[in-house]
K.L.:
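After the C-alpha cells below, expect a handful of questions from me.
Side-chain atoms are counted along with the backbone in the values below, which use heavy atoms only and exclude waters and symmetry mates.
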Amino acid sequence: MADLSTSSHAKGSDEVKDFICSSCKEQAYADFYCKTCLKLYCGKCIQLHDKWFRKHSAYGRNDMKEWPVSKEVGEFLLKCEAHKDDKIEMLCDDHSQLCCTKCAFNDHSKCSKVTPISELTNMQPTDLQGLSVELETVMGGIKSLQINQEASVQSLQRTYKEHGAVMIEQLRGNLNTNIDECGNSSVGTSGKNLKEEMCWSVLSILNEFDNITVKELNEIKEEVISIKGSVTSSIHKCTSLHNDLSHFHEIVQKIGDNKELCLIASIKCKHIIQQALTLLGKSGKAFHVQSITKHNVRIPSDSGECYIGGICVLPDGQALVVDWKNHNVKLLNQQYQVVSHWDVNARPVDICLITPSEVAVAVNDHDSKIHEVQFITVYQGKLVPGRKFQLQHECRGIDHHQGDLFVISSEELYKYTLNGKQVCSLYRSFEYTVNKCAVSPTGDRLYISSNYSWQNKLLTLARDGTLLATFTDPDLRGPSGLHVTPAGQVLVCGWGSHTVLQVGWEGQSKLTTLATWEDGVWCPGSVCYSSTTSSIIVGVYGKDNILVFRVE
C-alpha cells in the first residue's frame with residue numbers, strides 16, 4: 001500500500017489534506033508518486049529514487065490522476081453536508097441531491113427515485129478534465145466580478161466627493177454673484193446700508209445652503225453608505241465562493257479514476273458551479289408559473305384608468321408602481337394593496353431601486369418639456385420625495401447598478417452618477433426607437449427593448465455599449481417592460497402581442513412564454529420579479545389591476 005501521509009492545507013477542519021513525502025524526515029510536501037514503489041516523494045527525494053530505480057515510473061502533480069486517492073480526500077467527498085458523521089450513499093433524482101440514509105429517510109422518502117451511488121458509478125465517466133476546465137472558467141468570472149465590485153466602491157466614494165465639491169462651488173458662485181449685484185446697485189447707498197444688505201444676502205444664501213444643499217449631500221452620503229455596504233457584502237460572497245471553487249478544483253486533480261468519488265465530486269462541483277453562475281447573473285433556470293392573481297391599484301383620487309409604466313420591489317416585499325396615466329407613484333404592501341401615494345408634477349414613466357428604502361423615478365412629459373429624475377424614500381409606510389435633477393433629453397426608462405444610473409431616451413442610452421452628472425452616452429440608435437433599459441446583476445450587460453416600426457427587438461450590450469446580441473421572436477411584438485432578476489433571468493413584455501417572455505441572459509434565445517392574453521395579459525408595459533415572494537408582477541395598460549404570477 002502507498003504511504004499516504006498527509007498534512008493540513010489551510011482551510012480548517014473540512015479542508016482536504018495534501019500529500020507529504022514518504023521518505024524524507026522534513027515532512028515536505030510530495031511532488032511525485034511512484035506506482036512501482038507505491039510511495040510519495042518530494043523534489044529532493046525523487047532525485048535519489050531516480051538514481052537507484054531508473055525503470056520506475058514517477059508521476060508529478062500534473063498527472064495526479066495517476067496518484068492514489070488520499071484518505072482525507074475520500075472522507076471529505078463522502079461526508080454528508082447535513083449529517084457530518086454519516087457517509088453519502090444515495091442520489092435523489094428529483095432534487096439532484098446527494099444524501100445519506102438519514103437524509104433519504106427524513107427528506108426524500110416521498111421522492112419518486114432515490115438511487116444508491118453504487119448503482120450509478122458504471123454509468124459515469126471518470127475523466128474530470130472537462131469539469132476542471134469549467135471550474136477554472138467560473139473561478140475567472142468570479143475573480144473579475146470581485147475586481148469590478150471593488151472598482152465600484154472607489155467610484156461611489158468619488159461621486160460623493162465630487163458632489164460635495166460641486167455644491168461648495170455653487171455656494172461660492174452664489175456669494176460672488178450677490179456681492180457683484182450689491183456693488184452694482186450701491187449708487188446712492190451709504191456704506192453702512194450696503195454692508196448690512198450684503199450681510200443679510202450672504203446670510204440668506206448660507207441658510208439656503210444649510211436647508212437644501214446639506215440635505216442633498218446627506219441623501220447622497222446615505223446612498224453611498226448603503227450601496228457600499230451591499231457591494232462589500234457581495235465581495236465577501238465572491239471571496240468565499242472563489243475559495244470553495246478553488247478547493248474543489250484542487251480536489252478534482254486528486255481523485256484519479258475512482259468512479260464513486262468521480263460521481264460524487266461531479267455532482268458537488270455542479271452544485272457549486274450553479275451557485276457561482278447565479279452570483280454572476282448567468283442563471284439558465286426557466287420560471288414556471290404556478291398561479292396568476294389580479295390586484296386593484298386604483299385610488300379615489302385617480303382621474304382615469306391606471307397605466308402602470310414601471311414597477312420595482314423593495315427587499316421587504318413592498319412594491320412601488322408608477323401610474324403614467326394618473327401622474328402618481330403608489331406604494332403597495334406585501335398583499336399588493338395601495339398604502340401610500342405621491343403625486344408627480346408630470347408623467348412618471350419608470351422606476352428603479354437605489355437602496356433598500358429609496359427609488360429613482362424617471363419623469364418625462366413631452367408637452368411640458370419636463371425631463372427629470374426624482375428620488376423618493378419609503379419611510380414608515382409613506383413616500384417622502386427627496387432631491388431631483390434635470391435632464392437635457394427625454395427619459396423613457398431608468399435602471400441602477402452600484403451607483404451608476406442608466407437612463408434611456410427615445411433613441412439613446414446614457415450613464416449618469418447619482419448626483420446627476422452625465423458620464424457618457426453608451427448606445428445610440430438611428431434605425432429604431434428604443435424604449436426601456438435594464439442592467440444585469442453584475443453590471444456587465446445592458447438590455448434595451450426596441451419597438452420602432454414594430455421591429456420587435458431586444459438588444460444586449462456590453463458594459464461599454466458594444467452590441468452583443470439582437471433577439472427577435474413572433475411572441476414579442478412591441479417590446480416594452482423589461483427587467484432582470486438577481487440571478488440574471490431576463491423578463492420582457494410584448495405590448496402588441498400581449499405576452500410576457502423570459503429570455504436567456506445572453507439575450508439570444510427565448511426560454512419560455514410565461515403568459516399571454518388568455519391569462520389576462522393585455523398590453524403589458526412593465527414587469528418586475530420579487531425574490532421575497534417568488535412572484536413576477538406585471539403592469540397592464542388601461543386596467544386598474546396589476547397581475548401577480550407565482551413562479552417556481
K.L.:
Could you go through the side-chain contact (heavy atoms from CB on, under 4.5 Å) check for H483 and I311 one step at a time?
P.N.:
CA-CA 9 Å; H483 176 73; I311 305 170; over 6 Å; no
K.L.:
Under 3.5 Å, side chain of S449 to main-chain N/O of K436, donor-acceptor pair present?
P.N.:
yes
K.L.:
What pair of heavy atoms forms the shortest contact from V224 to L156, and how long is it?
P.N.:
CG2-O, 3.8 Å
K.L.:
With under 30° as parallel and over 60° as perpendicular, where do the rings of F389 and F375 fit, or are they tilted in between?
P.N.:
tilted
K.L.:
What's the separation between atom SG in C395 and atom CG in L405, rounded to the nearest 0.5 Å?
P.N.:
11.0 Å
K.L.:
Under the 3.5 angstrom rule, does the side chain of Q489 hit a backbone N or O of K285 as a donor-acceptor pair?
P.N.:
yes
K.L.:
Is any side-chain N of the basic residue among E411 and R428 closer than 4.0 Å to the acidic one's carboxylate O?
P.N.:
yes
K.L.:
Quick one: does H271's side chain have a donor or acceptor within less than 3.5 Å of a partner on S96's backbone?
P.N.:
yes
K.L.:
Nearest 0.5 angstrom please: D399 CG to I448 CD1, how far?
P.N.:
11.5 Å
K.L.:
Is Q335 atom CD crowded by more than 12 heavy atoms from other residues, nucleotides or ligands, each under 6.0 Å away?
P.N.:
yes
K.L.:
Which pair of heavy atoms, one from V548 and one from S535, lies closest together, and at what distance?
P.N.:
CG1-CB, 3.8 Å
K.L.:
Check whether H400 reaches the backbone of G403 with its side chain - one donor and one acceptor, N or O, closer than 3.5 Å.
P.N.:
yes
K.L.:
Mind running side-chain contact (heavy atoms from CB on, under 4.5 Å) on V527 and I536 for me, showing each step along the way?
P.N.:
CA-CA 7 Å; V527 62; I536 295 173; 3.6 Å; yes
K.L.:
Rounded at 0.5 Å granularity, tell me how far SG in C493 sits from CG in L476.
P.N.:
9.0 Å
K.L.:
Would the distance check show the side chain of S340 and the main-chain N or O of L331 forming a donor-acceptor pair, the cut-off being under 3.5 Å?
P.N.:
no
K.L.:
Using atom types as modelled and distance alone, determine if a side-chain donor or acceptor of T232 lies under 3.5 Å from a backbone N or O of K228.
P.N.:
yes
K.L.:
Do L353 and L314 come within less than 4.5 Å of each other through their side chains, counting heavy atoms only?
P.N.:
yes
K.L.:
With heavy-atom distances below 4.5 Å as the criterion, would you say the side chains of I354 and I227 are in contact?
P.N.:
yes
K.L.:
For a quick test of reading the model, state the closest non-hydrogen atom pair linking G525 to S480 and the distance between them.
P.N.:
CA-OG, 3.8 Å
K.L.:
I'd like a table of donor-acceptor pairs (distance under 3.5 Å, sequence neighbours excluded) in which one partner is a side-chain atom from residues 140-153, with atom names and distances.
P.N.:
unit_1 : atom_1 : unit_2 : atom_2 : d
S144   : OG     : G140   : O      : 3.1
Q146   : NE2    : T239   : OG1    : 3.4
N148   : ND2    : S144   : O      : 3.3
Q149   : NE2    : S234   : OG     : 2.5
S152   : OG     : N148   : O      : 3.1
S152   : OG     : Q402   : OE1    : 3.0

K.L.:
Is there a side-chain contact between D302 and K330 (heavy atoms, below 4.5 Å)?
P.N.:
yes
K.L.:
Check whether any side-chain heavy atom of N345 lies under 4.5 Å from a side-chain heavy atom of E372, and answer yes or no.
P.N.:
yes
K.L.:
Any pair with a residue in residues 506-516 that passes salt bridge (Lys or Arg N to Asp or Glu O under 4.0 Å), sequence neighbours left out, goes on the list, sorted by first then second residue, please.
P.N.:
D473-K510, D475-K510
K.L.:
Would you say the ring centroid of F287 lies under 6.0 angstrom from that of F549?
P.N.:
no
K.L.:
Under 4.5 Å between any side-chain heavy atoms of I546 and L332, yes or no?
P.N.:
yes
K.L.:
A side-chain contact here means heavy atoms from C-beta on lying under 4.5 Å apart; do L514 and L491 qualify?
P.N.:
yes
K.L.:
Closer than 3.5 angstrom, by distance alone: can the side chain of D519 be matched with the main-chain N or O of T516 as a donor-acceptor pair?
P.N.:
yes
K.L.:
Working to the nearest 0.5 Å, report the span between OG of S450 and CG of L459.
P.N.:
5.5 Å
K.L.:
According to the interplanar angle, ranging from 0 to 90°, do the rings of H295 and Y336 count as parallel (below 30°), tilted (30 to 60°) or perpendicular (above 60°)?
P.N.:
tilted
K.L.:
Looking at L391, V344, V363, N364, which hits side chain to side chain contact (heavy atoms under 4.5 Å, CB included) with I370?
P.N.:
V363
K.L.:
Among residues at least two apart in sequence or on other chains, which ones pass salt bridge (Lys or Arg N to Asp or Glu O under 4.0 Å) with R396?
P.N.:
E394
K.L.:
Show the nearest heavy-atom pair for residues H341 and S301, with the distance to one decimal.
P.N.:
NE2-OG, 3.9 Å
K.L.:
For side-chain contact (heavy atoms from CB on, under 4.5 Å), just list the numbers for H393 and V407, CA-CA rounded to whole Å, side-chain angles, deciding distance to a tenth of an Å, and then say yes or no.
P.N.:
CA-CA 10 Å; H393 54 80; V407 180; 4.0 Å; yes
K.L.:
Is it the case that over 12 heavy atoms from other parts of the model lie below 6.0 angstrom from the CD atom of E552?
P.N.:
no
K.L.:
For the side chain of S226 and the backbone of E222, is there at least one donor-acceptor N/O pair under 3.5 Å apart?
P.N.:
no
K.L.:
To the nearest 0.5 Å, what is the distance between CG (N328) and CH2 (W342)?
P.N.:
10.5 Å
K.L.:
Return yes when atom OH of Y541 has more than 12 non-hydrogen atoms of other residues, nucleotides or ligands closer than 6.0 Å, and no otherwise.
P.N.:
no
K.L.:
Grab the two heavy atoms, one from V329 and one from V361, that are nearest each other, plus how far apart they are.
P.N.:
CG2-CG2, 4.2 Å
K.L.:
Counting only heavy atoms from other residues, nucleotides and ligands, does the tally under 6.0 Å from CH2 of W522 exceed 12?
P.N.:
no
K.L.:
Give the minimum heavy-atom separation between G520 and L547, together with the two atoms involved.
P.N.:
O-CD1, 3.4 Å
K.L.:
Do M139 and H242 have side chains that approach each other closer than 4.5 Å (heavy atoms only, starting at C-beta)?
P.N.:
yes
K.L.:
Using side-chain contact (heavy atoms from CB on, under 4.5 Å), reason through C523 and V540 one step at a time and then give a plain yes or no.
P.N.:
CA-CA 6 Å; C523 296; V540 294; 6.0 Å; no
K.L.:
Find the distance between CZ (F471) and CG (L458) and round it off to the nearest 0.5 Å.
P.N.:
7.0 Å
K.L.:
Taking R445 for the side chain and G507 for the main chain, is one N or O donor matched with an acceptor at less than 3.5 Å?
P.N.:
no
K.L.:
Quick check against the 3.5 Å criterion: does D544 have a side-chain atom that pairs as donor or acceptor with the backbone of C306?
P.N.:
yes
K.L.:
Between L413 and L461, is there a side-chain heavy-atom distance shorter than 4.5 Å?
P.N.:
yes
